Amino acid sequence: MEIKRDFYLNKLIRSMHNGMIKVITGIRRCGKSYLLKPLFSDYLLSCGVSENNIIHIDLSSREYSDLTNPINLDEFIKEKINKVDEFYLFVDEIQSCESIQNPAFKNYKTSNGEIPQINFYQVLNGLLLEYPNVDIYVTGSNSRFLSSDILTEFRGRGWQIDLAPLSFSEYVNAFNKKDKIVLFEEYLTFGGMPGMVSFGNNQDKISYLTNFFELTYFKDIVEHSSIVDNVSMRELLQVLASSEGSLVSINKIAELFKQKEDKSISRQTIEKYLFAFKDSFLVSEASRFDIRENKLISSNKKYYFADCGLRNALLSFSQNDRGHMMESVIYRDLKRRGYAVNVGVVPTFETNNGIRERKQYEVDFIATMGSKKVYIQSAYRIYDDEKLKQEVNSFLKIDDSFKKIIVEGDLYIPYTDKKGIEHIGIIDFLCNEVNNL
């Protein structure tokens, strides 16, 4: 089955020859290598680029095992290129390239006793400067090639493209003969990991996701972050998964662990674990934002997993809150489109029976991109007028004119109400993104 990833392919096309190293990141098995070859390489061939001018090196394969030495990698690439023709260099699993002692500084140590090293960052930075005619693209898995490392090591020459699992619109394209409503319910349960979609049997999907989480993501995080107490780390991940779509307090989590007779972890340890989860692309966070004061609130955040299926696998597919799961799908899709996403807070004072009280309304998401801003509420089901009023009330407390949207799980014909609030069904929102934000 061919899975089209035109959204990301177009990102690569727009970045061609921009003078930077294109770094494709994302959780394991989300399709990074597949994006480069065959998708991007086929595009280049269709544009008349010679196959000889597309150099593809997969450092995870035995064929190129000697190129994990950065000097060998540098020499191999330079044998394939010149300074006249246009070349396209793809290096998969670049993190497999080792850091070795720089032979130019043999028997030399720095003032702090370190031996000068040479690594793939230096190799690629050097190629970029010496061969501006070579367009460089690399991929890296999340175990040793994490988001916080990339732009720093490439010294401002890295152009990061963060690849996510299949969005719902991509998932629909892969199964375009099936009803979208059925597909959405499947998607909420099993998510969009590309390898999962080849399984037709639900039990096979569950086994794939469960084993995949255990043998890949959990193992990677433990090894990369040198975590000793992996039992506590697993429990924290499960807490985040159970709380997805709800505000999470680090202090409350620490108290929760303290209440266990055999378990207690500090706030600092929890923060270390959270950093590891985020840096592995498995979890991302949404901070609260005070809409009236126009400022971020540092305490209590929401955490969302990179994929519904992985989150559900962690919980043994035992928690099925479709409202929170739909909210997480909206969050991921907004991030994929390039929006910065926060949780909106609208503090107000209201008089009730003659008593002035402070109240706080929540807006599920504030999505911003430059000067553009959109407020979004997620409602899996609008059961009655009271539920509708509840969703609308938060918007009515906001006194600016930015677009306000309620995304509904059971709405099939979009409309705009008398207050100017747009109502759109979840399937339209996810599949017709050009027209709805």
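Every value quoted in this text rests on a predicted model; they were computed, and no experiment measured them.
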Looking only at atom types and distance, does a side-chain atom of [X] sit under 3.5 Å from a main-chain N or O of [Y], one as donor and one as acceptor?
{"X": "Q377", "Y": "D364", "result": "yes"}
{"X": "D290", "Y": "K295", "result": "no"}
{"X": "S46", "Y": "Y43", "result": "yes"}
{"X": "N312", "Y": "T189", "result": "yes"}
{"X": "N173", "Y": "S169", "result": "yes"}
{"X": "D333", "Y": "V329", "result": "no"}
{"X": "R332", "Y": "F305", "result": "yes"}
{"X": "N119", "Y": "Q122", "result": "yes"}
{"X": "T210", "Y": "S207", "result": "no"}
{"X": "D279", "Y": "F275", "result": "no"}

Regarding [X] and [Y], does a basic nitrogen lie under 4.0 Å from an acidic carboxylate oxygen?
{"X": "D92", "Y": "K32", "answer": "no"}
{"X": "E362", "Y": "K302", "answer": "yes"}
{"X": "K404", "Y": "E391", "answer": "no"}

_When you compare the side chains of T269 and S266, does any donor N or O come within less than 3.5 Å of an acceptor on the partner?_
yes
*asked:* Whether the R5 and S167 side chains hold a donor-acceptor pair (N or O, under 3.5 Å, no angle test) is what I'd like checked.
replied: no
From [X] [atom1] over to [Y] [atom2], what is the distance, rounded to the nearest 0.5 angstrom?
{"X": "E75", "Y": "D66", "atom1": "CD", "atom2": "CG", "result": "10.0 Å"}
{"X": "F40", "Y": "L9", "atom1": "CZ", "atom2": "CG", "result": "7.5 Å"}
{"X": "Q95", "Y": "L59", "atom1": "CD", "atom2": "CG", "result": "8.0 Å"}
{"X": "L89", "Y": "K80", "atom1": "CG", "atom2": "NZ", "result": "11.5 Å"}
{"X": "I253", "Y": "Y273", "atom1": "CD1", "atom2": "OH", "result": "12.5 Å"}
{"X": "D162", "Y": "I27", "atom1": "CG", "atom2": "CD1", "result": "9.5 Å"}

Indicate the atoms forming the closest heavy-atom contact of [X] with [Y], along with that distance.
{"X": "T68", "Y": "S65", "answer": "OG1-O, 2.8 Å"}
{"X": "R267", "Y": "N251", "answer": "NH1-OD1, 2.7 Å"}
{"X": "H17", "Y": "E86", "answer": "NE2-OE1, 3.5 Å"}

*Does NZ or CZ of R29 come closer than 6.0 Å to the centre of the six-membered ring of F212, within 45° of the ring's axis?*
no
*Is it true that the NZ or CZ of R337 lies under 6.0 Å from the centre of F429's six-membered ring and within 45 degrees of the ring axis?*
yes
_I21 and Y137, any side-chain heavy atoms less than 4.5 Å apart_ = no
*Would you call F87 and N82 a side-chain contact if the rule is heavy atoms closer than 4.5 Å?*
yes
*Evaluate the side chain to side chain donor-acceptor pair (under 3.5 Å) criterion for residues Y131 and K78: first the C-alpha distance (whole Å), next the side-chain angles of each, then the deciding distance (0.1 Å), finally the verdict.*
CA-CA 9 Å; Y131 296 86; K78 288 178 178 177; 5.3 Å; no
*side chain to side chain donor-acceptor pair (under 3.5 Å) evaluation trace for S299 with R288*: CA-CA 8 Å; S299 62; R288 291 189 298 161; 3.1 Å; yes
*Just jot down the side chain to side chain donor-acceptor pair (under 3.5 Å) partners of E186, sequence neighbours excluded, or say none.*
Y171, K178
_Whether Y331 and Y304 hold their rings parallel, tilted or perpendicular, with breakpoints at 30° and 60°_ = parallel
_Over 60° means perpendicular and under 30° means parallel, so tell me whether F395 and Y375 are parallel, tilted or perpendicular._
tilted
